[in-house]
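Beneath this line is the structure, given in structure tokens, with notes to follow.
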Amino acid sequence: MRSIHVATAVALLLAASSVQALQPPQGRVLLTISGAITETNADGEAHFDLEMLQALPQHETITATPWHDHVVSFTGPLGRELLAAVGAEGQQLRVTALNDYSAIVPVDDLQGYDVIFATHMDGERLRVRDHGPLFIIYPFDQHPHLLNEEILTRSVWQIHHIEVLQD
Ligand SMILES: Nc1nc2c(c(=O)[nH]1)N[C@H]1C(S)=C(S)[C@@H](COP(=O)(O)O)O[C@H]1N2
Ligand SMILES: [Mo]
């Protein structure tokens, strides 16, 4: 009996915490996620418009960066929430930019730190000319040891695609 109740409670908790099925995007697609994911809304991929990205739990990171001459406020979805939304199963991401730059980003970075996929800087949409539409921002000022060449190579801007690599 007891174990049945535990199982029921676990199922309810899972239902309450699990992500909604991904709806198709209504607006322009800013980000596609492919690879080892369980949640999709278009041809085996997850497509996100701005509204969908903003519906995810948001985080603000206030930090200096190597690319700005003042402390900046970035906002956007937390990386770990984005991964949860697509049911990411791999441990590594290949993050690709509009200019075809790409970097491998360990999922551990997103689990261990409040890494965001910034959509806004100082309250304004990131345009392509200022590193938009999406810019991976590590919390440099909160964790100064992150300011190293390895993490900088993972700080991809103008992101439009993430592939969750199969383990
Ligand atoms: N879209 C995009 N993001 C990128 C890069 C790039 O070329 N394109 N260069 C990466 C590398 S190798 C580093 S070290 C940092 C800093 O690049 P910078 O020295 O050109 O500012 O940004 C990273 N993010
Ligand atoms: Mo670099």
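At a threshold of 4.5 Å between non-hydrogen side-chain atoms, the residues Thr63 and Val72 do not count as touching. Residues His161 and Ser34 form a side-chain contact, since some pair of their non-hydrogen atoms from C-beta on lies under 4.5 Å apart. Side chains of Gln142 and Thr61 form a contact here, defined as non-hydrogen atoms less than 4.5 Å apart. Within the 4.5 Å cutoff, no side-chain heavy atoms of Ile33 are placed close to those of Leu93. In this structure, Leu78 and Val115 have side chains that are not in contact, with every pair of non-hydrogen atoms separated by 4.5 Å or more. Put simply, the side chain of Phe48 does not reach to within 4.5 Å of the side chain of Pro25, judged on heavy atoms.
In this structure, the ring-ring contact (aromatic ring centres under 6.0 Å, His included) partners of Phe74, at least two apart in sequence or on a different chain, are His68. Here Asp49 pairs with nothing under the salt bridge (charged side-chain N to carboxylate O under 4.0 Å, His left out) rule; sequence neighbours left out. Applying the ring-ring contact (aromatic ring centres under 6.0 Å, His included) test to His145 and every residue at least two apart in sequence or in another chain returns Tyr113. Listed by chain and number, the residues in a side chain to side chain donor-acceptor pair (under 3.5 Å) with Thr75 amount to none (sequence neighbours excluded). For Thr119, the side chain to side chain donor-acceptor pair (under 3.5 Å) test picks out no residue, with sequence neighbours left out. Listed by chain and residue number, Asn148, Arg154 satisfy the side-chain contact (heavy atoms from CB on, under 4.5 Å) test with Glu150 (two or more places apart in sequence, or in another chain). Residues satisfying the side chain to side chain donor-acceptor pair (under 3.5 Å) test with Thr40, not counting sequence neighbours, are none. Taking Glu149 as the reference, nothing meets the salt bridge (charged side-chain N to carboxylate O under 4.0 Å, His left out) condition, with sequence neighbours excluded. Listed by chain and residue number, Glu45 satisfy the side chain to side chain donor-acceptor pair (under 3.5 Å) test with His47 (two or more places apart in sequence, or in another chain). For the side-chain contact (heavy atoms from CB on, under 4.5 Å) test, no residue two or more places apart in sequence or in another chain qualifies with Pro24.
Placement of Val105 and Leu147 within a single hydrophobic cluster is found when ILVMFWY residues are connected by side-chain heavy-atom separations under 4.5 Å, directly or transitively. In the hydrophobic clustering of this structure, Ile104 does not group with Tyr138; members are Ile, Leu, Val, Met, Phe, Trp, Tyr whose side-chain heavy atoms approach within less than 4.5 Å, directly or through other members. Hydrophobic clustering (ILVMFWY, side-chain heavy atoms < 4.5 Å, transitive): Leu83 and Leu56 are in one cluster.
Considering Leu53, Ile162, Leu30 in turn, Ile162 is the only one that fulfils the side-chain contact (heavy atoms from CB on, under 4.5 Å) rule with Phe117.
Under the 3.5 Å distance criterion, the side-chain polar atoms of Asn41 are left unmatched by any main-chain donor or acceptor of Leu22. Remark: the backbone N or O of Thr153 is paired with a side-chain donor or acceptor of Tyr101 at under 3.5 angstrom.
Of all non-hydrogen atoms in Gly90 and Val107, the two that sit nearest each other are O-CG2, 3.4 Å. When all heavy atoms of Val86 and Ala46 are compared, the closest pair comes out as CG1-CB, 3.6 Å. Here the closest non-hydrogen pair linking Gly87 and Glu39 is N-CG, 4.0 Å. Counting all heavy atoms, side chain and backbone alike, Val156 lies closest to Ala103 at CG2-CB, 3.7 Å. When all heavy atoms of Gly44 and Ile37 are compared, the pair lying nearest together is O-CD1, 4.3 Å. Taking all atoms of both residues into account, the shortest heavy-atom contact from Pro66 to Leu152 is CG-CD2, 3.6 Å.
From Trp67, atom CH2 reaches atom CH2 of Trp157 across 6.5 Å, with rounding to the nearest 0.5 Å. Rounding to the nearest 0.5 angstrom, the gap separating the CG atom in Asp114 from the CD atom in Glu81 is 10.0 Å.
Residue pairs meeting the side chain to side chain donor-acceptor pair (under 3.5 Å) criterion with at least one member in residues 86-99, sequence neighbours excluded, are Arg94-Glu163.
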*Please step through side-chain contact (heavy atoms from CB on, under 4.5 Å) for the pair Leu82 and Leu31, ending with a clear verdict.*
CA-CA 11 Å; Leu82 187 61; Leu31 175 68; 3.8 Å; yes
*Intermediate values then yes/no, side-chain contact (heavy atoms from CB on, under 4.5 Å), Ile116 and Ile136*: CA-CA 6 Å; Ile116 64 173; Ile136 293 195; over 6 Å; no
*Under the side-chain contact (heavy atoms from CB on, under 4.5 Å) criterion, do Ile62 and Asp141 qualify, and how do the steps go?*
CA-CA 8 Å; Ile62 298 175; Asp141 281 9; over 6 Å; no
With a 3.5 Å cut-off and sequence neighbours excluded, list the donor-acceptor pairs that the side chains of residues 125-134 form with protein atoms.
unit_1 : atom_1 : unit_2 : atom_2 : d
Arg127 : NE     : Asp130 : OD2    : 3.2
Arg127 : NH2    : Asp130 : OD2    : 2.7
Asp130 : OD1    : Arg127 : N      : 2.6

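No more than 12 heavy-atom neighbours from other residues, nucleotides or ligands sit within 6.0 angstrom of CD on Glu51.
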